[in-house]
Amino acid sequence: MTAARQRTGLLALVTLATLAHLVTGSIVPQAIGVFALLAYLISLRGRLAVMARGLLVAAAVMTLVALWRVDAPGQLLFEAAGRFAFFATFVVALSLLRLPAYRSRLVRRCGQAMLLQPPGRRYPILSIGSALFGVILNIGVLNLFAAMIEKSNTLAAAQGRAWVQQARQRRMMLALLRGFALAPLISPMGIGVAVVLSNLPELRWLDLAPYVIGAALVIFLVGWGVDLFTGPHPVAHKAALPAPSLAPLGRFCLLLVGIVSLVFLLAWALDVRLPIAALLGAPLGALAWLAWQRRRLGALGIPAALASLQRQLPWLLAPSANEVVVLGAAGYLGHLCVTLVDVESLGPLMALLGPLGAANAVLAMLMVVVLAQVGINPIVTVTLLVGLLPTLPIDGLSPAITGASLMVGWALALMSSPMTASMLILSRFTGVASTRIGYRWNAHFLLACIPLLAAWFLIAPW
């Protein structure tokens, strides 16, 4: 067995054991998952990015602090390791949806239909489409659609005008980026929802939905408005071809509704929280989609789907190692920090923050954005703050507002920080520096959007 398959097997064992624990409540599968996770992390030595290695070092240091300061640290460390395994499982479960999506002709037809729309309709359609596809493909939507944009945005398509080609590239890439950043806000299966709801057990997605969907609408409308006003709007040299039908996008929406409905159905039938239902529904949805693609092979396509999944699993999960470690280590650190931080020691800070009330949600949103500019992944900031802020006795700062503001800060960080994976992917495809994309291309959008979002969180609670 190759090393890649061994790592994949360990990660699969972590996933299955964690799912068994979440459904049955038994501590035995959780222990199996934790030991498998430790073996998986050891197998990754020398293969992780700087951010992932740094978080593992921070986790090790915080573990030593817990051993020193907590009277009975065993239970605390075991629970924190379970949080690590939970987020690792979340990454794996959502990654499984990428396999049928990458093989789907429907996905390719949707991408072509969105890119070939007239300029006036291209931004909203591409932004909404990338948000919808981001629910299933996650960051894979950037690679898929950016490659389509580069292929379709030729000099011949711009009638030989290089400046038109460059303007189209900027406008389509920004629509793609902003739409991708909306996916965690509009999807109940997003990683932001999982982080918030898993740290705030009293909160439901329906409590978050009005705030995050309202903020997503603000982001979408501001982005569309900035695109219209900043243009440019070149006059076509010849009659435009008729826009392709958006029927494939409608069929994809039905598919997406089916997967999300499955998640809600599992949450109701099994009486589990939404993040747990998402961990169960995503693999089942992926398997059903794969089976449908292979239905002509007999037995409803299920044996062929299982064989394909087993064969492609190493290819699918190998690139997720850094994502697993970053998200899992952030969850581990967040769980330890909430226990180790003494709220009473924050008296001077409370004297400053207490009178601000709900305005602290705006400060939390801005903190996520600002720290992302210096390379601190939003996953880390959101995980720590969502665990700490609700413990502070601040009047007017409800858990729903806190969670929603952090999720919106995460979305803004994806659209602005030159150090996020999303920005680096677009920089690779465009040949434009990520700092230019984040700070020059997006400048008008950010200057208009951030004050409006701040106002939204100040007004929305009332």
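We're numbering straight along the sequence, starting at 1.
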Chemist: Taking atom CZ of R47 as the centre, does the number of heavy atoms from other residues, nucleotides or ligands within less than 6.0 Å exceed 12?
Modeler: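 No, not enclosed.
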Chemist: Side chains of residues 201-208: which donor-acceptor pairs under 3.5 Å do they make with residues two or more places apart or in other chains?
Modeler:
{"from": "R204", "atom 1": "NH2", "to": "D207", "atom 2": "OD1", "distance (Å)": "3.3"}
{"from": "D207", "atom 1": "OD2", "to": "R204", "atom 2": "N", "distance (Å)": "2.9"}

Chemist: Start with the C-alpha gap between R170 and T430, add the side-chain angles, then the distance that decides, and say whether side chain to side chain donor-acceptor pair (under 3.5 Å) holds.
Modeler: CA-CA 9 Å; R170 175 179 59 82; T430 60; over 6 Å; no
Chemist: Any donor and acceptor pair, going by atom type alone, linking the side chain of R45 with main-chain N or O of I42 inside 3.5 Å?
Modeler: yes
Chemist: Do you know the tightest heavy-atom contact between L446 and G438?
Modeler: CD1-O, 3.7 Å
Chemist: Could you check if a side-chain atom of R7 sits within less than 4.5 angstrom of a side-chain atom of P314, using non-hydrogen atoms only?
Modeler: no
Chemist: State the CG-CG distance between L132 and L249, to the nearest 0.5 angstrom.
Modeler: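 The CG atom of L249 is 6.5 Å from CG of L132, to the nearest 0.5 Å.
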Chemist: Does CH2 belonging to W441 count more than 12 external heavy atoms closer than 6.0 Å?
Modeler: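 Yes, the 6.0 Å shell around CH2 holds more than 12 heavy atoms from other groups.
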Chemist: Donor-acceptor check, side chain of S43 to backbone of Y40, threshold 3.5 angstrom: yes or no?
Modeler: yes
Chemist: Ignoring hydrogens and angles, tell me if any N or O in the side chain of R53 forms a donor-acceptor pair with the backbone of L48 under 3.5 Å.
Modeler: yes
Chemist: Between the main-chain N or O of T15 and the side-chain N or O of T18, is there a donor-acceptor pair closer than 3.5 Å?
Modeler: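 Not confirmed, T18 side chain does not pair with T15 backbone.
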Chemist: Report yes if the side chains of V193 and P184 come closer than 4.5 Å at any heavy-atom pair, otherwise no.
Modeler: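 V193 vs P184: side chains apart.
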Chemist: Verify whether one side chain among N442 and R178 offers a donor that lies under 3.5 Å from an acceptor in the other.
Modeler: yes
Chemist: What closest approach, in Å, do L13 and A36 show between heavy atoms, and which atom pair accounts for it?
Modeler: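 Scanning both residues, the minimum pair turns out to be CD2-CB, 3.8 Å.
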Chemist: Search all heavy atoms of M415 against all heavy atoms of A181 and return the closest pair with its distance.
Modeler: CG-CB, 3.5 Å
Chemist: Within the 4.5 Å heavy-atom criterion, are M172 and F145 side-chain neighbours or not?
Modeler: no
Chemist: Hey, does L176 have a side-chain heavy atom less than 4.5 Å from the side chain of L426?
Modeler: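 Counting from C-beta outward, L426 and L176 do come under 4.5 Å.
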Chemist: Please round to the nearest 0.5 Å and tell me the distance separating atom CD1 of I219 and atom SG of C449.
Modeler: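 Spacing of CD1 (I219) from SG (C449) equals 5.0 Å.
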Chemist: What's the shortest heavy-atom distance between G33 and V14, and which atoms?
Modeler: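 That closest heavy-atom pairing would be O-CG2, 3.7 Å.
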Chemist: With side-chain contact (heavy atoms from CB on, under 4.5 Å) as the criterion, how do F86 and L22 come out once you've worked through the C-alpha distance, each side chain's angles and the decisive distance to 0.1 Å?
Modeler: CA-CA 9 Å; F86 172 84; L22 292 173; 3.8 Å; yes
Chemist: For the CZ atom on F264, are there more than 12 heavy atoms of other groups (residues, nucleotides or ligands in this structure) within a distance under 6.0 Å?
Modeler: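 Count over threshold, so yes.
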Chemist: Check whether any side-chain heavy atom of R122 lies under 4.5 Å from a side-chain heavy atom of D227, and answer yes or no.
Modeler: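 No, every pair of side-chain atoms sits at 4.5 Å or beyond.
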Chemist: Could you pull out all residues at least two apart from Y332 that satisfy side chain to side chain donor-acceptor pair (under 3.5 Å)?
Modeler: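 For Y332, the residues satisfying side chain to side chain donor-acceptor pair (under 3.5 Å) (neighbours in sequence not counted) are T63.
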Chemist: Please examine the side chains of L340 and V70, heavy atoms only from C-beta on, and report whether any two atoms are closer than 4.5 Å.
Modeler: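 Side-chain contact under 4.5 Å: yes.
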Chemist: Applying side-chain contact (heavy atoms from CB on, under 4.5 Å) to V272 and L266, what does each step give before you reach the verdict?
Modeler: CA-CA 8 Å; V272 296; L266 288 171; 5.7 Å; no
Chemist: I'd like to know if the side chain of N322 and the backbone of A49 have a donor-acceptor N/O pair within less than 3.5 Å.
Modeler: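 Between the backbone of A49 and the side chain of N322 there is a qualifying donor-acceptor contact (under 3.5 Å).
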Chemist: What residue among V408, T381, L412 forms side chain to side chain contact (heavy atoms under 4.5 Å, CB included) with V368?
Modeler: T381
Chemist: Mind listing the closest non-hydrogen atom pair of P283 and L96 along with its distance?
Modeler: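 Nearest pair, atom of P283 first, then L96: CB-CD1, 3.7 Å.
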Chemist: Rounded to the nearest 0.5 Å, what separation is found between the CE atom of M62 and the CG atom of L55?
Modeler: 11.0 Å
Chemist: Could you pull out the closest heavy-atom pair between S127 and L182, with the gap in Å?
Modeler: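 Minimum heavy-atom contact is OG-CD1, 4.4 Å.
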Chemist: Contact between L185 and I213 at the side-chain level, heavy atoms closer than 4.5 Å - yes or no?
Modeler: no
Chemist: Would a distance-only check, ignoring hydrogens and angles, find a side-chain to backbone donor-acceptor pair under 3.5 Å from S417 to L414?
Modeler: no
Chemist: Do F133 and F180 have their ring centres less than 6.0 Å from each other?
Modeler: no
Chemist: Hey, does W410 have a side-chain heavy atom less than 4.5 Å from the side chain of I191?
Modeler: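 They are in side-chain contact.
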Chemist: Are side-chain N/O atoms of S416 and Q373 paired as donor and acceptor at under 3.5 Å?
Modeler: yes
Chemist: Is a side-chain donor or acceptor of T402 paired with a backbone partner of S398 at a separation under 3.5 angstrom?
Modeler: yes
Chemist: Enter the distance from I379:CD1 to L384:CG here, rounded to the nearest 0.5 Å.
Modeler: 11.5 Å
Chemist: Should L336 and L77 be marked as a side-chain contact (heavy atoms from CB on, under 4.5 Å) after you check the CA-CA gap, both sets of side-chain angles, and the distance that decides it?
Modeler: CA-CA 8 Å; L336 291 184; L77 294 177; 4.0 Å; yes
Chemist: Rounded at 0.5 Å granularity, tell me how far CD1 in I425 sits from CE in M173.
Modeler: 11.0 Å
Chemist: For F78 and Q30, what are the C-alpha separation, side-chain angles and deciding distance, and is it a side-chain contact (heavy atoms from CB on, under 4.5 Å)?
Modeler: CA-CA 9 Å; F78 184 70; Q30 184 181 15; 3.3 Å; yes
Chemist: Do any N or O atoms from the side chain of S320 and from the backbone of E323 form a donor-acceptor pair under 3.5 angstrom?
Modeler: no
Chemist: Out of curiosity, L174 CG to Y123 OH, how far, rounded to the nearest 0.5 Å?
Modeler: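 Going from CG on L174 over to OH on Y123, the span is 7.5 Å.
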